[in-house]
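The structure under discussion appears below in the form of structure tokens.
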Amino acid sequence: MILNHQQEIAVKHKDGPILVLAGAGSGKTRVIVNRINHLICFAGVPAWQILAITFTNKAANEMKERIHSMAGPEVRLTIGTFHSICAKILRVEHQHLQVHANFTIADEADQVARIKKAMAESGVNPDKITGKQLITAISKAKNRFESPSSMKENASGNPFLQTVADVYEIYERGLRADHALDFDDLIIKSVMLFRQEPAILEKYQNRYRYIMIDEYQDTNSAQYEWVQLLGQRYRNIMAVGDDDQSIYRWRGAEVSNILNFARDFPGAKVIKLEQNYRSTQVILSAASALMSHNIHRNPKNLWTEQKDGDLIIRTIWPTDRSEAEAVGRQITSLVEKKGRKFGEMAIFYRINAQSRLLEEIMHSFQIPYRVVGNISFFKRKEVKDLLAYMRLVLNPFDSGACRRIINVPRRGIGKTTIEILEKEALKRNLDLFSTIESISDSGLLTDNKLKNILKFHELILDLIHFERTHRANEFIDYMIDVTGYREMFESEMSTEARTSLEIIEEFENTVAEFSDREESRLADFADYLSLYSESDDDQTEQKRDLVQLMTLHNAKGLEFPVVFITGIEENLCPLIRSDTSLDPAEIEEERRLLYVGMTRAMEKLFLFAARQRFLYGRPIQQQASRFLAEIPDKCIEDQSMTMERNFKSPVTELSLRSDYKTGDRIRHPSWGLGTVLHCIGSGPQARLTIRFDRFGPKKILAGPANLTRMH
DNA sequence: ATTAGCGTGCTTTTT
DNA sequence: GCACGCTAAT
């Protein structure tokens, strides 16, 4: 395809910083791929000097493929996520850190387990502070480069921070003892390495002279500094992103990074890609109108050469079930009457819990589907067990891995034996695995038990030995047999054991596939498993003609001819947790999330909501989302009335009858002056969200509040 | 030492 | 509606 003018400028840009503000569907990936190709084939840049960073492995793989098909399969450049690139650097430079080269990467489950342990150890009351809160707080501290000790000093008087600091300290100690790094560490340790070792920094600066970062709006502060450090020497940085598609603020992404790029890199060229090649005019107008309600953004003017296309169908259903059935009916009729393929359609929702009902309905309509990014494989205990074996073999210091599989399958090593081992490990300041050797002459264990653990020890040593001389797939096959892991299920005839065997086989297939195309060391495979989530793999599914179900977050970067977005209701989309007051910035992020969902649609878009929804097992009365009222009527065909005659759509109510609107100034008898952020309904029943000048945002009911309107 | 059964409590999104 | 964690029973 021919590039448009703006795309061409970006593609042909060679030296110096450049920011590409790429609106939804504006051919962002095309620009990156073409520029890389241009650098290699026309600008004389050696491929190995190019570094391309993406946020998901899926994006990285896709980019790799496209570059290889364009510039030739032999070009070798570095493409990967921040995390995988950092992991590779840290393994090479490990001697400058306090870890050995085979450090394990603590995945999410591992992290949760460690936090729980640390909580128990420091005597935190789990009713008061949840593990999740601690993980978030610790992650924030880490990304500020704050150590547990400095956190302790700064926490004086704040009991919450005090607790966080305590848990943080134990958590860190645990990671270090096991030679493990968590996701945050991968980035942070790399930054610290760059900061402290100028020679190493220089080495990588010279190596990666051309840096490209996709989804720049999703970078967090540590990643930002990483880019600054690595890029400051040659300043050949291309940042590509869209502030309107920033949906990861909650995990530290800072939109300001993209908004301030031109300031951070003086002389940066700024290119705006505003022509949309994906959606119809109607869809694009609707999405743009929605986004215009956000205040904190770069205004942009997306346009398309495409015709108007079909109106967006907006329907409020009485229940979540009827909503799901409507999706099923529509899909069936689009296939039967319009010749659509299942694979051309996708269903989006805000939270994973919504998928179950949809799955049930798809099933009863006999619609082939798949759920993207669903738990399953990587959370299966079989996969975790096998992964633990791998980790222990690669890194015998990993006591967590050791503990997990020391008695799986049964080896007669029970809780008490493990407790004795752990106490001894703590006393001697050793890891679990080496404790096994040194405990033999201590007389702490009976001969029988000693025999059992020594046998286990020997088993692992044998695996370590085997690993050195074999490929990952050979090792895994060997491991599964020699540990008796497969046999454990083979001897059982239950259906559960049968699925376990299937999982094991799937695991073997994964290695086999991996060994086929990548380096085939076990260590690489372990990284692959730790850093790659399953939502990353195959877009081959699209070819298998299945309707795809996914969360709005997972929809980013994809496109479908037909899109259904379900559950566009207050408190669900935007999602508002009951315990938190609603922060305007969070509402803006929710709006961006819906925007991302809408802009995935090429031709047909359905926006659905329900008045009653089952959530956490109970029926909850829902109201249409404020976002629905923000989409202009001219883009919409509202089917609520025809579908259900005796029900008046709250959307109509919402958009037509409101005493207050966003921006109105009011006075409250006790809270004082404030600005209306949002209003649902009218009269005394109206539910208002007001940001008070002195007290911040509050939700109130208009009736009892006795508000005065200011002019 | 292992398992089964029951109650609790929690639910966003992910590298 | 679910997963998880705890307890109690074998």
Side-chain angles (χ1 to χ4, degrees), chain A residues 53-60 80-87 105-113 116 120 126-127 130-133 135-136 139 143 181-188 214-215 218-220 222-223 246-253 320 348-357 359-360 372-375 378-379 381 407-419 449 452 527-536 550-557 567 571-580 586 589-590 592-594 596-597 613-620:
Chain A
I53 302 166
T54 61
F55 260 81
T56 65
N57 300 290
K58 184 208 236 164
T81 62
F82 271 107
H83 297 270
S84 66
I85 289 165
C86 286
I105 297 169
D107 61 19
E108 196 194 325
D110 201 350
Q111 204 182 11
V112 170
K116 276 189 185 157
D127 298 331
T130 65
K132 208 172 231 176
Q133 279 175 299
I135 288 176
T136 319
S139 173
N143 280 295
L181 299 180
D182 64 18
F183 287 140
D184 289 325
D185 285 334
L186 294 176
I187 314 287
I188 285 155
D214 193 12
E215 309 283 12
D218 288 335
T219 49
N220 67 22
Q223 289 160 343
S246 159
I247 53 175
Y248 290 110
R249 197 181 85 100
W250 51 274
R251 65 172 212 219
D320 50 355
F348 302 156
Y349 36 81
R350 180 61 238 265
I351 61 173
N352 276 125
Q354 289 171 256
S355 76
R356 191 168 353 115
L357 177 62
E359 282 188 71
E360 185 192 322
V372 176
N374 216 17
I375 18 166
F378 288 82
K379 286 199 175 159
K381 75 172 191 316
N407 199 32
V408 180
R410 304 272 142 74
R411 301 185 175 92
I413 305 169
K415 212 160 81 181
T416 42
T417 314
I418 295 173
E419 261 168 37
K449 287 181 174 170
N452 289 338
D527 275 1
Y528 170 85
L529 289 183
S530 302
L531 294 172
Y532 284 47
S533 81
E534 57 214 298
S535 60
D536 284 338
M550 68 190 85
T551 63
L552 286 164
H553 281 89
N554 272 325
K556 190 158 104 169
N571 299 334
L572 183 61
C573 178
L575 181 74
I576 294 161
R577 288 138 83 212
S578 49
D579 56 331
T580 47
E586 274 171 39
E589 175 136 326
E590 294 288 323
R592 290 194 290 268
L593 195 51
L594 181 59
V596 166
R613 178 172 303 277
F614 270 85
L615 282 174
Y616 352 104
R618 339 201 119 265
I620 305 208

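To find a chain, count down the sequence lines: A is the first, B the second, and so on, and within it residues start at 1.
To the nearest angstrom, P of dT15(B) lies 11 Å from CD1 of I247(A). In this structure, CZ of R592(A) is placed 18 Å from P of dT13(B), rounded to the nearest angstrom. In this structure, CD of Q223(A) is placed 16 Å from P of dT14(B), rounded to the nearest angstrom. If you measure from atom CG of L181(A) to atom P of dT15(B), you get 18 Å, rounded to the nearest angstrom. In this entry the distance linking CG of D218(A) with C1' of dT13(B) reads 12 Å, nearest Å. Spacing between atom CG of N143(A) and atom C1' of dT15(B) amounts to 12 Å, rounded to whole angstrom units. Look at CD1 on I53(A): it is 16 Å from P on dT15(B), rounded to the nearest Å. Put simply, CD on Q111(A) is 11 Å from C1' on dT14(B), counting in whole angstrom units.
Within 4.0 Å (heavy atoms only), N220(A) reaches no atom of the nucleic acid at all. Nucleic acid contact for Y248(A): sugar-phosphate only, since backbone atoms but no base atoms lie under 4.0 Å from a heavy atom of the residue. Within 4.0 Å of F614(A), counting heavy atoms only, lies no atom of the nucleic acid at all.
With sequence neighbours excluded, the residues satisfying salt bridge (charged side-chain N to carboxylate O under 4.0 Å, His left out) with R249(A) are D583(A). A search for salt bridge (charged side-chain N to carboxylate O under 4.0 Å, His left out) contacts involving E108(A) returns nothing, not counting sequence neighbours. R350(A) is linked by a salt bridge (charged side-chain N to carboxylate O under 4.0 Å, His left out) to E590(A), counting only residues two or more places apart in sequence or in another chain. Residues satisfying the side-chain hydrogen bond (donor to acceptor under 3.5 Å, both in side chains) criterion with T417(A), sequence neighbours excluded, are absent altogether. With sequence neighbours left out, E215(A) forms a side-chain hydrogen bond (donor to acceptor under 3.5 Å, both in side chains) with K28(A), Q217(A). Here S246(A) pairs with nothing under the side-chain hydrogen bond (donor to acceptor under 3.5 Å, both in side chains) rule; sequence neighbours left out. Under the side-chain hydrogen bond (donor to acceptor under 3.5 Å, both in side chains) criterion, D182(A) pairs with K142(A), Y171(A), sequence neighbours left out.
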Pairwise N/O distances under 3.5 Å, protein to nucleotides 8-12 of chain B:
| unit_1 | atom_1 | unit_2 | atom_2 | d |
| --- | --- | --- | --- | --- |
| dT12(B) | OP2 | K132(A) | NZ | 3.3 |
| dT12(B) | O2 | R350(A) | NH1 | 3.3 |
| dT12(B) | O2 | R350(A) | NH2 | 2.2 |
| dT12(B) | O4 | R577(A) | NH1 | 3.0 |

Enumerate all atom pairs, one protein N or O and one N or O from nucleotides 4-7 of chain C, separated by less than 3.5 Å.
| unit_1 | atom_1 | unit_2 | atom_2 | d |
| --- | --- | --- | --- | --- |
| dG5(C) | OP1 | K116(A) | NZ | 3.4 |

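When each of R251(A) and R410(A) is assigned the nucleotide of DNA chain B with its nearest heavy atom, R410(A) is the one assigned upstream, toward the 5' end.
At a threshold of 4.5 Å between non-hydrogen side-chain atoms, the residues N143(A) and D184(A) count as touching.
The side chain of R356(A) has dG1(C) as its nearest neighbour among dT15(B), dT13(B), dG1(C).
Between the side chain of N407(A) and the backbone N or O of I413(A) there is at least one donor-acceptor pair closer than 3.5 Å.
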